[in-house]
Amino acid sequence: MAPLKTYLLSLLLTASPLLAHKRDLPIPEFTQEEIDSGAALRELNRIAGANAHRLFGNNCSPATVKIRREWRALSKPERRQFIAAVKCIMAKPNTVLSQDEVPGAKSLYDAIVWAHADRSGYMHMSGNFLVFHRYYLHTYERELALCGWDQGLPYWEWGLDVDAPHLSPVFDGSDTSLGSDGAFIPNRPPRVLDFIGFDEPTIIPPGTGGGCVMKGPFSDMVVRLGPIDVLPGEPIPSHPEEGREENPRCLERDLNADPLRRWNTFRNVTELILGYRTIREFQGTLDGDPRVTRESMGAHSGGHEAIGGIAVNPMLSPYDPAFWLTHNMLERVYWIWQLLDFKNRQGVHGTGTFLNMPPSANVTVEDELDLSPHNGPVKIKDLMNSLSGAPLCYVYV
Ligand SMILES: *[C@@H]1O[C@H](CO)[C@@H](O)[C@H](O)[C@H]1NC(C)=O
Ligand SMILES: *[C@@H]1O[C@H](CO)[C@@H](O)[C@H](O)[C@H]1NC(C)=O
Ligand SMILES: [Cu+2]
């Protein structure tokens, strides 16, 4: 095993007498300062990792487990290697998705984005939401491995960047970032988001960009599919008719501290993990589900709005290479939450359609998720343990 991996695993698994523990570790009381500084979240991640050690299945071991780290924990050569793997997926021709169906899907990356667009109404605001994105990230991680990045998918720790996302090592425009902010477009109106089920619209002031990503690795990226307009106040559909042709344009971004401060601080994330015991409340709160909360947005949309540009389109958001890092942070929050009480947090909640429109049956863990043509069907219950090896095999540090 590589020395770095050995070291990270020792941090994760040798919480000394804890290796012998059979039950989940107790959760300590945290001070407000520990919560606001991120120390509490770090400790919760450590406890989750210690609880996880007994869950290794046959096809996943300390030697093979992928360690998902924060972007800043990667060395600069590692960041460059990761970026090269993303570009490799973008450079591979699409050989999986039918050209009759989606003529504009020229690259493998386009085809992966379409897998999200085509299922949008079925895995947003539905019982599939967390587990679908879990499987989607895993599938992308597998493609990255085929492109030379065989480590865990990195994540973006929002709490470190709530004041200035454009200065974040994720977005600073250096050759070790995912590219800069978009070019600044002045005098834009705020976004007025009329979410279904809320009386008042949610107002997001414009961010610091708005135009094409200017500097760094993805300033020359070509976005091909879309646009697909999602009408305000209407449910998000699946199988969109439009947006299937090739329509080359730049990657747009509009980095924005405002949503991060409102929904993605260390306090917000820590309260999400500690404040809710059922999957209904936990998922409903992080996703601003009107059936569960009076807060029209949560950490999920907050992460998208903080990136702006195509990342706020519920169908095409995976076009932004940062989509994978913000969703991986959300997945980390779900992973920690689950592992703090693993045996009681095995369920899903909700039906199989966006806000149950049109009405559909409750999703159950016996149902299958399908990611064709990128990955095979998998039972939701087989996505509950990230260490089963069937198919998942990762931890967060
Ligand atoms: C998120 O946390 C910040 C402080 O870190 C707080 O001001 C804000 O009200 C929180 N948002 C929610 C929805 O609780
Ligand atoms: C679906 O789930 C809801 C909430 O858990 C429950 O009230 C309802 O009875 C379920 N519907 C069916 C058809 O099982
Ligand atoms: Cu999504």
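Read the numbers this way: they start at 1 and go in the same order the structure lists the ligands and their atoms. Everything quoted here is computed from the prediction, not taken from an experiment.
- Looking from atom 7 (O) of ligand 1 to the surrounding protein, the closest heavy atom is Arg261 O, 4.7 Å.
- Listed by atom number, the atoms of ligand 1 under 4.0 Å from Arg267 heavy atoms are 4 (C), 5 (O).
- In this structure, Lys87 is not positioned above the aromatic face of Tyr109 in the sense of NZ or CZ being under 6.0 Å from the six-membered ring centre and within 45° of the axis.
- At the top of the distance list for atom 5 (O) of ligand 1, counting protein heavy atoms only, stands Thr265 OG1, 2.9 Å.
- Annotation: cation-pi pair Arg68/Tyr155 absent, no NZ/CZ under 6.0 Å from the ring centroid and within 45° of its normal.
- If you take OH on Tyr334 and CG on Asn328, they are separated by 14.0 Å, rounding to the nearest 0.5 Å.
- Here the heavy atom of the protein found nearest to atom 13 (C) of ligand 1 is Arg262 O, 3.6 Å.
- In this model, a donor atom of one side chain and an acceptor atom of the other lie less than 3.5 Å apart for Trp156 and Asp161.
- Here His133 contributes NE2 and His124 contributes NE2, and at the Cu ion (ligand 3) these two atoms make an angle of 110°, given to 10°.
- Protein heavy atom nearest atom 4 (C) of ligand 2, with residue, atom name and distance: His349 CE1, 4.0 Å.
- Judged by distance alone, with hydrogens and angles left aside, the side-chain atoms of Trp263 form a donor-acceptor pair with the main-chain N or O of Met297 at under 3.5 Å.
- Side chains of Trp158 and Thr326: a donor on one and an acceptor on the other come within 3.5 Å.
- Distance remark: protein heavy atom not present below 4.0 angstrom from atom 9 (O) of ligand 2.
- Near Asn268, with a cut-off below 4.0 Å to any heavy atom, the atoms of ligand 1 are 1 (C), 2 (O), 3 (C), 8 (C), 10 (C), 11 (N), 12 (C), 14 (O).
- Here Arg332 pairs with Glu157 in a salt bridge; the nearest charged N to carboxylate O distance falls below 4.0 Å.
- Nearest residue to atom 3 (C) of ligand 2 from Val363, Asn362, Thr364 is Asn362 (criterion: closest heavy atom).
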